[in-house]
Amino acid sequence: TQSTRPQRLLHAVQKNATRGDPRSVVKAIDNFCRQKEWAMNVGDEKGCILDSVVSEVNPVTVLELGTYCGYSTVRIASLLPPRAKIITLEFNPDYAKIARQVIAWAGLEDKIQVVEGPSGEWIPKMKEQFGVKTFDLVFLDHWKDRYLPDTKLLEDCGLLRKGTILLADNVICPGTPDYLEYVRNSPRYKSQYFKSHLEYTKAEDGLEKSVFLG
Ligand SMILES: O=C(NC/C=C/[C@H]1O[C@@H](n2cnc(C(F)(F)F)c2)[C@H](O)[C@@H]1O)c1cc([N+](=O)[O-])cc(O)c1O
Ligand SMILES: [Mg+2]
């Protein structure tokens, strides 16, 4: 039976990356996507912007919306201080299965919790199920029409605090116009655009970094 792209991406990690070495996992995925098959990872150019934001925030509690194969999950977790944790939401069980194996290859299982299911269901349960008070950093990289409703849900569930950073991928391509309009015009956010390129291409894309003001 034909393999899927996430399965081929996982095999590239297992073949080319060193077990327990997160940066080699990131590099193996980027090489696979540049040389073999494009895949919707944040990629290395936007990934460097992600790295700088994570290092600046030094978060203890991170939420990622959209695990896919775990590329950005591994990239973020590799920069977290010892007791810090990342909860990553993934809707598709097949992708979650692949991501868990990519995360295991990187040796980051202890820092990462992959949660399967829809954001509308899980965000309201974050406090009671995972003992989360508020998130220090939220990385949005899931369905683009869910960025805005899920941001409002995070606000309503009291999961954002003064200073929480929201970092959103693909605000230009594929684009998240309603989310951009909201975070750029709401008095509750201070927003900044980091211009870059769509992963593994020359097309413009960028990350929007928004600070929740409370
Ligand atoms: O569509 C794109 N990304 C959609 C990404 C979607 C991923 O987020 C998961 N998800 C859905 N809901 C949840 C949650 F969290 F709610 F549970 C998690 C989906 O199952 C999928 O794995 C995309 C497309 C392009 N492109 O160039 O077309 C480039 C990119 O960087 C992209 O991220
Ligand atoms: Mg993306």
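Each ligand, and each atom within it, is numbered from 1 in the order the structure gives. We number each residue from 1, following the sequence as shown. Here the structure is a predicted model, which is why all the values come from computation and not from measurement.
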(message) Could you walk me through whether Val62 and Asp136 satisfy the side chain to side chain contact (heavy atoms under 4.5 Å, CB included) test, starting with their C-alpha distance in whole Å, then the side-chain angles of each, then the deciding distance to 0.1 Å, before giving a yes or no?
(response) CA-CA 6 Å; Val62 182; Asp136 303 312; 6.0 Å; no

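Asp205 and Val171 make their closest contact through OD1-N, 3.5 Å (heavy atoms, listed as atom of the first residue, atom of the second, distance). Counting all heavy atoms, side chain and backbone alike, Ala84 lies closest to Pro59 at CB-O, 3.4 Å.
Here the heavy atom of the protein found nearest to atom 22 (O) of ligand 1 is Glu90 OE1, 2.9 Å. At the top of the distance list for atom 5 (C) of ligand 1, counting protein heavy atoms only, stands Asp141 O, 3.5 Å. Residue, atom and distance of the protein heavy atom nearest to atom 17 (F) of ligand 1 are Gly117 O, 2.9 Å. Counting protein heavy atoms only, atom 4 (C) of ligand 1 is closest to His142 O, 3.5 Å. Pro174 CG, 3.5 Å is the protein heavy atom nearest to atom 24 (C) of ligand 1. In this structure, atom 15 (F) of ligand 1 lies nearest to the protein heavy atom Leu89 CB, 3.3 Å. Distance from atom 32 (C) of ligand 1 to its nearest protein heavy atom, with residue and atom name: Asn170 OD1, 3.3 Å.
Less than 2.8 Å away from the Mg ion (ligand 2), the protein contributes these N/O/S atoms: Asp141 OD1, Asp169 OD2, Asn170 OD1.
The closest approach between a heavy atom of Arg146 and any atom of ligand 1 is not below 4.0 Å. Assignment of Gly43 to the shell around ligand 1 is not supported, since no heavy atom sits closer than 4.0 Å.
A donor and an acceptor atom, one from each side chain of Glu64 and Ser72, are located under 3.5 Å apart. Inspection of the Tyr200 and Asp44 side chains reveals no N or O donor paired with an N or O acceptor under 3.5 Å. No side-chain N or O of Arg184 forms a donor-acceptor pair with one of Ser191 less than 3.5 Å apart.
Between Glu45 and Lys195 there is no salt bridge, since none of the side-chain N atoms of the basic residue sits less than 4.0 Å from a carboxylate O of the acidic one. Glu155 and Arg188 are joined by a salt bridge, as a carboxylate oxygen and a charged side-chain nitrogen come within less than 4.0 angstrom of each other. Here Lys144 does not pair with Asp178 in a salt bridge; the nearest charged N to carboxylate O distance is not below 4.0 Å. Between Glu90 and Lys97 there is no salt bridge, since no side-chain nitrogen of the basic residue lies less than 4.0 Å from a carboxylate oxygen of the acidic one. Salt-bridge annotation for Lys46 and Asp51: absent, with no side-chain N of the basic residue lying under 4.0 Å from a carboxylate O of the acidic one.
Here is the list of ligand 1 atoms found below 4.0 Å of a heavy atom in Glu199: 29 (C), 30 (C), 31 (O).
Of the possible donor and acceptor atoms, one in the side chain of Thr67 sits under 3.5 Å from a partner among the backbone N and O of Leu89. Listed for the Lys111 side chain is a donor-acceptor partner under 3.5 Å among the backbone atoms of Pro82.
Remark: Lys27 fails to qualify as a cation-pi partner of Phe32 under the 6.0 Å distance and 45° angle criteria applied to the six-membered ring.
Here the shortest heavy-atom distance to atom 3 (N) of ligand 1, taken over Glu116, Lys144, Glu121, belongs to Lys144.
Below 3.5 Å of separation, one finds no N or O of Ser119 facing any N or O of ligand 1. Distances between N or O atoms of Trp38 and those of ligand 1 include no value under 3.5 Å. The shortest N or O to N or O distance between Asp169 and ligand 1 is below 3.5 Å. Below 3.5 Å of separation, one finds no N or O of Thr67 facing any N or O of ligand 1. Here's the thing with Asn41: none of its N/O atoms is less than 3.5 angstrom from an N/O atom of ligand 1.
Contacts between Asn92 and ligand 1 below 4.0 angstrom, taking non-hydrogen atoms only, involve backbone and side chain alike. With a heavy-atom cut-off of 4.0 Å, Phe91 touches ligand 1 through backbone and side chain alike. Contacts between Leu198 and ligand 1 below 4.0 angstrom, taking non-hydrogen atoms only, involve the side chain exclusively.
Leu153 has its side chain within reach of Pro124: a pair of non-hydrogen atoms, C-beta onward, lies under 4.5 Å apart.
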